[in-house]
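Below, chains carry the letters A, B, ... as their sequence lines are ordered, and counting in each starts from 1. Remember, it's a predicted structure, so these values are computed and weren't measured experimentally.
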Amino acid sequence: MHLCNMYALVDCNNFYASCERIFKPELIGKPIVVLSNNDGCVIARSNEAKPYVPMGAVAFKYREVFKKNNIYVFSSNYALYADMSNRVMRILNQFTPEIEIYSIDEAFLNFTGLETLNLEQYSLQIIKKVNQWTKIPVSIGIAPTKALTKIANKIAKKFPNRTKNTYTIDNEEKRIKALKWTKIEDVWGIGRQFSKKLFLLNVKTAYDFTLLSDSFVQKEFSIVGLRLKRELEGKSVLKLEKTENKKNIATTRSFKNDIIEYNQIKERITTFACSCAEKLRKQNSYCNSLTVFIYTNNFKNKQKQYRKSVHLKLPFATNSNITLSKFAVKGLQTIFKNGYAFKKAGVILHDIHLKTHKQLNLFENENPKHEKLMQIMDKINHKLGEHKIKLASQNLEKTWIMKQEKLSNKYTTSWNELLTVK
DNA sequence: TCTGGGGTCCTAGGACCC
DNA sequence: TCTGGGGTCCTAGGACCC
């Protein structure tokens, strides 16, 4: 194991549930679950709720369980979670110059150059500061490779009392012990399919996996598997990645009720395209192609099924609501079929480039008025809150409000919903 | 009553060219 | 009429992540 570079993985504990608790301290120590869009299924649980509710549980089926065990239920409040995430990440950034924001609740830190410090003490400081400033509890795993920090983090979480929420793998003995303790299906990068395959080979732990030959791993699990093996062996091959602009941008939704009519789907697709366009402008980019898809409800197997997607190349790079929704609807027309009950649809943008790389098309170009128009639209929407200005083809009555019965306030991002102190 | 949403990377195979 | 090999580019789909 080479200890010349050390990494840390900082992971917020039960992030969404922890966010909900910040402004309701009376819920500390109480079971909480957070639901997906449309209050469909459980996507986060506090530790106290975990024994009663599995991840992904369908909410309505668990209504009795929630009630019986006094479990507090929240609709997801992404505005709050995103803002809290930003706050946590800003604090982490103070502890090391190099950080990779891996997800809304996780970041890898590069501890290289900090060898003179006691890294475990250092991470205790991080935990303390994040907690003081945001009330979010975090766990930290430290190791010479990213894959091993994931495992160290899991150990820290599993034994909070013994580890004080931070665990370090910094010698062979600890590495082997940790790998033998880690079930193969819990390894970062080993999902359902790979687990199944490995189980047949009698590979049950991360340690067993490292005993396979390189050539076999490469053959069966491609270069991805081989890299993972290296990482578990303590040889770092995955470096921190710069948080660059998105390469794909998607807006997709399941509908609360099935949609049968073309015009209703068309309105949804228009709105999704506009939402994508907005995200695109936020990162100052343009896209050159897009995908539109529509699905019937996959879970209702008695129902007539239809799932289709279409990929469209655009004649010129654009980030205009008008252009993108026009082409998205064009795509929809080619795949829509009467007589089906649609449950889900979406728009995905690809071929994304920065403003400076925008290529001019010889024959066909964007109406130059769009750029200015979009700027004004973004400005007004930003100022007045959610989507006061829309395209005429979108539904101005906003009939598509999600089912969100248990939504908490946007305490940190909306002036109207600040916490009132008595 | 009804099952989330948004990403990344890799590979195989087809189209096309010489 | 039959038969090549090698290379590139692109895309769909499958695996994974949170």
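- Rounded to whole Å, the separation between the C1' atoms of C:dC18 and B:dC2 comes to 24 Å.
- Regarding A:Lys197, its NZ atom lies at a distance of 13 Å from the C1' atom of C:dC16, rounded to whole Å.
- Map A:Val58 and A:Lys279 each onto its nearest nucleotide of DNA chain B; the residue landing nearer the 5' end is A:Val58.
- The shortest distance between side-chain heavy atoms of A:Leu324 and A:Thr318 falls below 4.5 Å.
- Contact annotation for A:Ser76: no contact, since no heavy-atom pair falls under 4.0 Å across all strands.
- Among the atoms of the strands shown, only primed sugar atoms or phosphate atoms (P, OP1, OP2) are found under 4.0 Å from some heavy atom of A:Lys313.
- Regarding A:Glu231, its CD atom lies at a distance of 18 Å from the P atom of C:dC16, rounded to whole Å.
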Audit row: A:Tyr72, A:Glu48, side chain to side chain donor-acceptor pair (under 3.5 Å) steps and yes/no: CA-CA 11 Å; A:Tyr72 293 79; A:Glu48 298 77 13; over 6 Å; no
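- Here the side chain of A:Lys247 is nearest to one of B:dC9, B:dG4, B:dG6, namely B:dC9.
- When each of C:dC18, C:dC16, B:dG5 is scored by its nearest atom to the side-chain atoms of A:Arg192, the top-ranked nucleotide is C:dC16.
- For the pair A:Asn245 CG and B:dT8 C1', the computed distance is 15 Å after rounding to whole Å.
- Between A:Ile126 and A:Leu109 there is a side-chain heavy-atom pair separated by less than 4.5 Å.
- Looking at the side chain of A:Gln193, the nearest of the listed nucleotides B:dC9, C:dC16, B:dT3 is C:dC16.
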Donor-acceptor pairs under 3.5 angstrom involving side-chain atoms of residues 181-189 of chain A: please list them, not counting sequence neighbours.
{"unit_1": "A:Thr182", "atom_1": "OG1", "unit_2": "A:Ala178", "atom_2": "O", "d": "2.8"}
{"unit_1": "A:Trp188", "atom_1": "NE1", "unit_2": "A:Tyr102", "atom_2": "OH", "d": "3.1"}

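- Atoms NE2 (A:His350) and P (B:dC9) sit 15 Å apart, rounded to a whole Å.
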Pairwise N/O distances under 3.5 Å, protein to nucleotides 10-14 of chain B:
{"unit_1": "B:dC10", "atom_1": "OP1", "unit_2": "A:Arg227", "atom_2": "NH1", "d": "3.3"}
{"unit_1": "B:dC10", "atom_1": "OP1", "unit_2": "A:Arg227", "atom_2": "NH2", "d": "2.6"}

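- Taking the six-membered ring wherever Trp is involved, the centroid distance between the rings of A:Phe95 and A:Tyr122 falls below 6.0 Å.
- Between the side chains of A:Asn5 and A:Ser236, no donor-acceptor pair is found at a separation under 3.5 Å.
- Here A:Lys246 does not reach the OP1 or OP2 of B:dT8: none of its side-chain N or O atoms lies under 4.0 Å away.
- For DNA chain C, the stems formed by at least three consecutive Watson-Crick or G-U pairs, with both atom-pair distances below 3.5 Å, span B:5-18 with C:5-18.
- Of the side-chain N and O atoms in A:Thr252, none sit less than 4.0 angstrom from OP1 or OP2 of B:dG4.
- Taking only side-chain nitrogens and oxygens, A:Asn37 comes nearer than 4.0 Å to OP1 or OP2 of B:dG5.
- Look at A:Glu220 and A:Lys197 and you find a salt bridge, because one of the NZ, NE, NH1 or NH2 atoms lies within 4.0 Å of a carboxylate O, short of that distance.
- In this structure, A:Phe221 reaches neither bases nor backbone, as no heavy-atom distance under 4.0 Å exists between it and the strands shown.
- Note on A:Val42: nothing from the nucleic acid sits closer than 4.0 angstrom, heavy atoms only.
- When the side-chain nitrogen and oxygen atoms of A:Lys344 are compared with OP1 and OP2 of B:dG5, one or more of them lie within a distance under 4.0 Å.
- Across all strands shown, A:Ile348 has no heavy atoms under 4.0 Å from either base or sugar-phosphate atoms.
- Side-chain atoms of A:Pro144 and A:Asp170, non-hydrogen and from C-beta on, never get closer than 4.5 Å to each other.
- Here the nucleotide nearest the side chain of A:Asn297, chosen from C:dC18, B:dG6, B:dT3, is B:dT3.
- A:Thr96 and A:Asn110 share no donor-acceptor pair across their side chains, judged by distance under 3.5 Å alone.
- Distances shown here put every side-chain N or O of A:Asn38 at or beyond 4.0 Å from the OP1 or OP2 atom of B:dT3.
- Regarding A:Tyr16, its OH atom lies at a distance of 9 Å from the C1' atom of B:dG5, rounded to whole Å.
- Between the CD1 atom of A:Ile249 and the P atom of B:dG5 there is a distance of 18 Å, rounded to whole Å.
- One interatomic measurement links the two molecules: NZ of A:Lys282 to P of B:dG6, which rounds to 13 Å at whole-angstrom precision.
- Within the 4.0 angstrom heavy-atom criterion, no nucleotide atom of any strand lies near A:Ile104.
- Between A:Tyr62 and A:Phe66, the two ring planes are tilted [angle within 30° to 60°].
- Side-chain proximity of A:Lys61 to the nucleotides B:dG4, B:dC2, B:dG5 is greatest for B:dC2.
- Atom-to-atom, CZ of A:Phe74 to C1' of B:dG4 comes out at 19 Å; the value is rounded to the nearest Å.
- A:His311 places a side-chain heavy atom less than 4.5 Å from the side chain of A:Ser289.
- Here B:dG4 is the nucleotide among B:dG6, B:dG4, C:dC16 with the atom lying nearest to any side-chain atom of A:Tyr78.
- When heavy atoms are screened at a 4.0 angstrom cut-off, A:Asp105 is found touching the sugar-phosphate backbone but no base atom.
- Proximity note for A:Cys41 (side chain, C-beta onward) versus B:dG4, C:dA15, B:dG6: the nearest is B:dG4.
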Test log, rule salt bridge (Lys or Arg N to Asp or Glu O under 4.0 Å), inputs A:Lys282 and A:Glu278: CA-CA 6 Å; A:Lys282 244 181 209 157; A:Glu278 235 173 85; 5.3 Å; no
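- Of the candidate nucleotides B:dG7, B:dC2, C:dC18, B:dC2 has the atom nearest to the side chain of A:Phe60.
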